[in-house]
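These notes concern the structure reproduced below.
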2 protein chains.
Amino acid sequence: MNHNIQQFKADFFKALAHPMRIRILEVLSEGNKNVNELQSILGSEGSAVSQQLAVLRNKNIVFGLKDGTSVIYSLRDPLITDLLAVAKRIFDNHLVDAISLLEVIRNES
Amino acid sequence: MNHNIQQFKADFFKALAHPMRIRILEVLSEGNKNVNELQSILGSEGSAVSQQLAVLRNKNIVFGLKDGTSVIYSLRDPLITDLLAVAKRIFDNHLVDAISLLEVIRNES
DNA sequence: TTCCTATATTCAAAAGTTTAAAAACTAAGG
DNA sequence: CCTTAGTTTTTAAACTTTTGAATATAGGAA
């Protein structure tokens, strides 16, 4: 049971562990969007976006409501926005070093 | 470059996406520990713990300082504790449903 | 010094999971 | 019945996990 809880937490973070899925959550933090809008904002093909939305749906992180032929997606919990905000503060603390290091390495080779 | 930033964020969440790694971060949130202490708290074998610490070290989430024959690990950024606290609030909102559902399914089969 | 023990890390193989891309499918409207 | 919007399925390649054995290194004892 305790093991189940840890696995549940790991699965939650696994759902965030993908560039397009993070992007989707950042976009949905600003407001609900249908799949078409997500596609244009992310500049990605439909099936790729749907596939990642399915992962987020299966983990109960987002949900979609049908509206005619389109499906409007929303965050299931507004705390996701807070989580991304804390994560952003962590990234900002470390990204500068990590990326400038990366560029030094790149320019040297 | 933008793509690099999203990949960097995804890699960060990927580092959290493992039951033992989350547990390690929760334990280190309460205070620094050497590998032996982590092993007994987690009830796991040395090589498994070391391997997961290596993942967290490589993503700059923890760091280890040698002290004689042991190595004392610490969180690199105290915001990790805040992140886990927000995540915990999200889990608490959804775990109850998810796990009681799981138990219903289990008892029925 | 030389060896022994405790602590921690790395390596390697097998098993399992995730990803990306394309094709096939469904469902609502016109 | 055709089009548009979205989803599902399929597959190979890439990646991660788990386990045990091998390696490294600091400190103490003989």
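Residue numbers start from 1 in every chain, and the chains themselves are labelled A, B, ... in the order their sequence lines are given, proteins ahead of strands.
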The residue, V55(A) or T69(A), whose nearest nucleotide of DNA chain C is more 5′ is V55(A)
Would you give the length of the straight line joining atom [atom1] of [X] to atom [atom2] of [Y], rounded to the nearest 0.5 angstrom?
{"X": "L25(A)", "Y": "Q52(A)", "atom1": "CG", "atom2": "CD", "value": "11.0 Å"}
{"X": "I22(B)", "Y": "L16(B)", "atom1": "CD1", "atom2": "CG", "value": "6.5 Å"}
{"X": "Q6(B)", "Y": "R21(A)", "atom1": "CD", "atom2": "CZ", "value": "12.5 Å"}

Across the strands shown, which category fits [X] at heavy-atom distances under 4.0 angstrom: base, sugar-phosphate, nothing?
{"X": "Q51(B)", "answer": "base"}
{"X": "S50(B)", "answer": "base"}
{"X": "G68(B)", "answer": "sugar-phosphate"}

Please tell me if [X] has a side-chain N or O lying less than 4.0 Å from either OP1 or OP2 of [N].
{"X": "N36(A)", "N": "dT4(D)", "answer": "no"}
{"X": "K66(A)", "N": "dA28(C)", "answer": "no"}
{"X": "Y73(A)", "N": "dT7(D)", "answer": "yes"}
{"X": "R57(B)", "N": "dA8(C)", "answer": "no"}
{"X": "R21(A)", "N": "dT19(C)", "answer": "yes"}

Between G46(A) and K14(A), whichever has its closest DNA chain D nucleotide further toward 5' is G46(A)
Just the rounded figure in Å: distance from [atom2] of [N] to [atom1] of [X].
{"X": "L56(B)", "N": "dT17(D)", "atom1": "CG", "atom2": "P", "result": "11 Å"}
{"X": "L53(A)", "N": "dT9(D)", "atom1": "CG", "atom2": "P", "result": "16 Å"}
{"X": "Q7(A)", "N": "dG16(C)", "atom1": "CD", "atom2": "P", "result": "15 Å"}
{"X": "Q52(A)", "N": "dG6(D)", "atom1": "CD", "atom2": "P", "result": "16 Å"}

**Message:** Taking the basic N atoms (NZ, or NE/NH1/NH2) and the acidic carboxylate oxygens, is any pair closer than 4.0 Å for E26(B) and K88(B)?
**Reply:** no
Practice problem: Would you kindly confirm whether I72(A) and I61(A) end up in one hydrophobic cluster when ILVMFWY residues are joined by side chain heavy atoms under 4.5 Å apart? | Solution: no
